[in-house]
Protein chains: 2
Amino acid sequence: MKRDGKLLIALHILAHLAVAPVRPLTSAALAVCLCTNPVVIRRALAGLREAGIVTSAKGHGGGWTVARPPATISLREVYVALGERIDLAPVRGSAGSGCLIEATVARALDGFSAEAEALLLRRLDTISLADLAAGFHQRLIEQTGSSHVMSAPAE
Amino acid sequence: MKRDGKLLIALHILAHLAVAPVRPLTSAALAVCLCTNPVVIRRALAGLREAGIVTSAKGHGGGWTVARPPATISLREVYVALGERIDLAPVRGSAGSGCLIEATVARALDGFSAEAEALLLRRLDTISLADLAAGFHQRLIEQTGSSHVMSAPAE
DNA sequence: CTTTCATGTAACTATCATTGTTACATGAAA
DNA sequence: TTTCATGTAACAATGATAGTTACATGAAAG
Ligand code: FES
Ligand code: FES
């Protein structure tokens with residue numbers, strides 16, 4: 001139900017940071033690699049910095065680094081830090097004004113959206129940034145849904 | 001993850017049709033009720049007509065009617081008829097160009113999206129248009145362990 | 001201290017999707 | 001034949017996101 005892909009971009013960048021933790025990576029370098037603009041990179045990482053997932057440094061030798069070991073960063077954390085949401089019935093301006101039918105339908109859809117998102121969060125919680133970087137997840141995905149094959153906490 | 005609300009609009013209209021099946025409702029009438037344009041109504045219902053959920057008639061006394069008893073129309077059917085999708089990692093133009101990291105992340109996210117959507121479809125399948133129209137769904141929501149139980153006024 | 005580098009942020013433009021609107025063709029009932 | 005209502009194309013309006021430019025802030029290097 002989304003349309004952007006902020007999560008994909010953020011994880012892409014994080015994968016870069018995770019595999020090259022020696023020195024900070026600059027927005028400019030990441031922008032070249034991702035075929036985009038440095039400001040876009042900074043915008044994408046702004047929320048993650050506030051969430052304590054990455055850190056930034058100015059000046060010489062500055063740039064972006066992961067704030068913690070990649071193994072301790074779950075995709076769920078990244079997802080919520082970006083403020084992503086599954087919402088089947090977003091409020092349109094002032095459309096909810098008084099109509100009972102609409103409110104009822106919206107509430108039902110919201111409940112389902114919440115359930116779907118809860119499941120999504122559970123799944124995202126089973127994969128860390130380190131898993132992504134290592135590429136182990138790929139085999140895991142191909143096993144179609146066997147969620148915790150690796151060192152993941154059981155539900 | 002979406003931004004429009006096609007599903008909400010479609011269900012809103014369908015609720016109207018379900019409770020007033022005596023005579024077809026015109027796009028113009030529905031548009032007035034929904035505070036929008038007749039063409040918007042037609043566009044919203046076009047997919048549902050192709051899916052055999054509603055029928056339309058031209059000329060005098062024409063308009064829209066539900067093609068089947070509302071009890072046999074599940075929200076899932078409406079959802080799929082509208083082509084809605086949960087997609088955490090949509091492809092951006094030609095962004096998938098060769099980058100292995102991105103493709104890997106995208107595949108993982110796609111898997112999770114699919115799981116979340118599968119759950120959503122299961123939930124949507126448990127409610128019919130008749131349930132919606134009757135308002136029974138509210139109690140049903142509370143039974144499915146929804147997180148937020150709004151204090152429902154006895155109406 | 002001055003220079004250089006890199007982030008932080010605002011402001012603007014470009015692009016794209018969706019919605020709202022107008023206009024006209026098609027077909028059915030009166 | 002007239003009137004009604006859908007079907008559809010075409011276009012403008014809106015809004016969200018991405019891309020770009022510009023400049024202030026701050027830190028390291030010289
Ligand atoms: S690895 Fe995908 S662009 Fe750098
Ligand atoms: S506008 Fe008609 S019931 Fe919601």
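Residue numbering restarts at 1 for every chain, and letters A, B, ... go by the order of the sequence lines. The structure presented is a predicted model; accordingly, all values stated were derived computationally and were not measured.
The partner of C:dT7 is D:dA24, by the rule that a Watson-Crick or G-U pair needs both atom distances under 3.5 Å. The partner of D:dA16, taking Watson-Crick or G-U wobble pairs whose two distances both stay under 3.5 Å, is C:dT15.
Listed nucleotides: C:dT7, D:dG7, D:dT20. Nearest to the side chain of A:Arg49: C:dT7. Of the candidates D:dG19, D:dT25, D:dG7, the closest approach to any side-chain atom of A:Lys58 belongs to D:dT25. The side chain of B:Trp64 has D:dG7 as its nearest neighbour among C:dT21, D:dG19, D:dG7. Looking at the side chain of B:Ser56, the nearest of the listed nucleotides D:dG7, D:dA29, D:dA9 is D:dG7. Listed nucleotides C:dT7, D:dT6, D:dA9 differ in distance to B:Val39; the shortest reach to its side chain belongs to D:dA9.
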**Asked** Yes or no on side-chain hydrogen bond (donor to acceptor under 3.5 Å, both in side chains) for A:Ser113 and A:Asp110, after CA distance, side-chain angles and deciding distance?
**Response** CA-CA 5 Å; A:Ser113 303; A:Asp110 281 347; 4.8 Å; no

**Asked** Would A:Leu88 and B:Leu120 count as a side chain to side chain contact (heavy atoms under 4.5 Å, CB included) if you check the C-alpha gap in whole Å, the side-chain angles of each, and the deciding distance to 0.1 Å?
**Response** CA-CA 10 Å; A:Leu88 288 179; B:Leu120 180 64; 3.7 Å; yes

**Message:** I'd like to know whether B:Leu124 forms a side chain to side chain contact (heavy atoms under 4.5 Å, CB included) with A:Leu109, so could you lay out the CA-CA distance, the side-chain angles of the two residues, the decisive distance to 0.1 Å, and finally the verdict.
**Reply:** CA-CA 9 Å; B:Leu124 290 176; A:Leu109 293 181; 4.2 Å; yes

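OP1 and OP2 of D:dC4 both lie 4.0 Å or more from every side-chain N or O belonging to B:Thr26. Dashed line: the shortest gap from a side-chain N or O of B:Ser27 to OP1 or OP2 of D:dT6 is under 4.0 Å. Of the side-chain N and O atoms in A:Arg23, none sit less than 4.0 angstrom from OP1 or OP2 of C:dA6.
Side-chain contact check for B:Leu121 versus B:Val80: some heavy-atom pair is nearer than 4.5 Å.
Between B:Asn37 atom CG and C:dT22 atom P the separation is 8 Å, expressed in whole Å. When the P atom of C:dT19 is taken as reference, atom CD1 of B:Ile13 falls 11 Å away, rounded to whole Å. Rounded to an integer number of Å, the gap from B:Ile41 CD1 to D:dT8 P is 16 Å. Taking atom CZ of residue A:Arg42 and atom P of nucleotide D:dT21, one finds them 13 Å apart after rounding to whole Å. When the C1' atom of C:dT18 is taken as reference, atom CG of B:Leu8 falls 15 Å away, rounded to whole Å. What separates NE2 of A:His60 from C1' of C:dT2 is a distance of 13 Å, to the nearest Å. Here D:dA16 presents its C1' atom at 17 Å from CG of A:Leu82, a figure rounded to the nearest Å. The CG atom of B:Leu45 sits 13 Å away from the C1' atom of D:dG7 (whole-angstrom rounding).
Shortest non-hydrogen contact noted between B:Leu7 and B:Glu84 is N-OE2, 3.8 Å. Scanning all heavy atoms of the two residues, the minimum distance from B:Ile9 to B:Ala44 falls at CG2-CB, 4.4 Å.
No contact: A:Ala46 has no heavy atom under 4.0 Å from any strand. Nucleic acid contact class of A:Gly63 (heavy atoms, under 4.0 Å, all strands): sugar-phosphate only.
Evaluation of atom-type donor-acceptor distances gives a pair under 3.5 Å for the side chain of B:Arg43 against the base of C:dG20.
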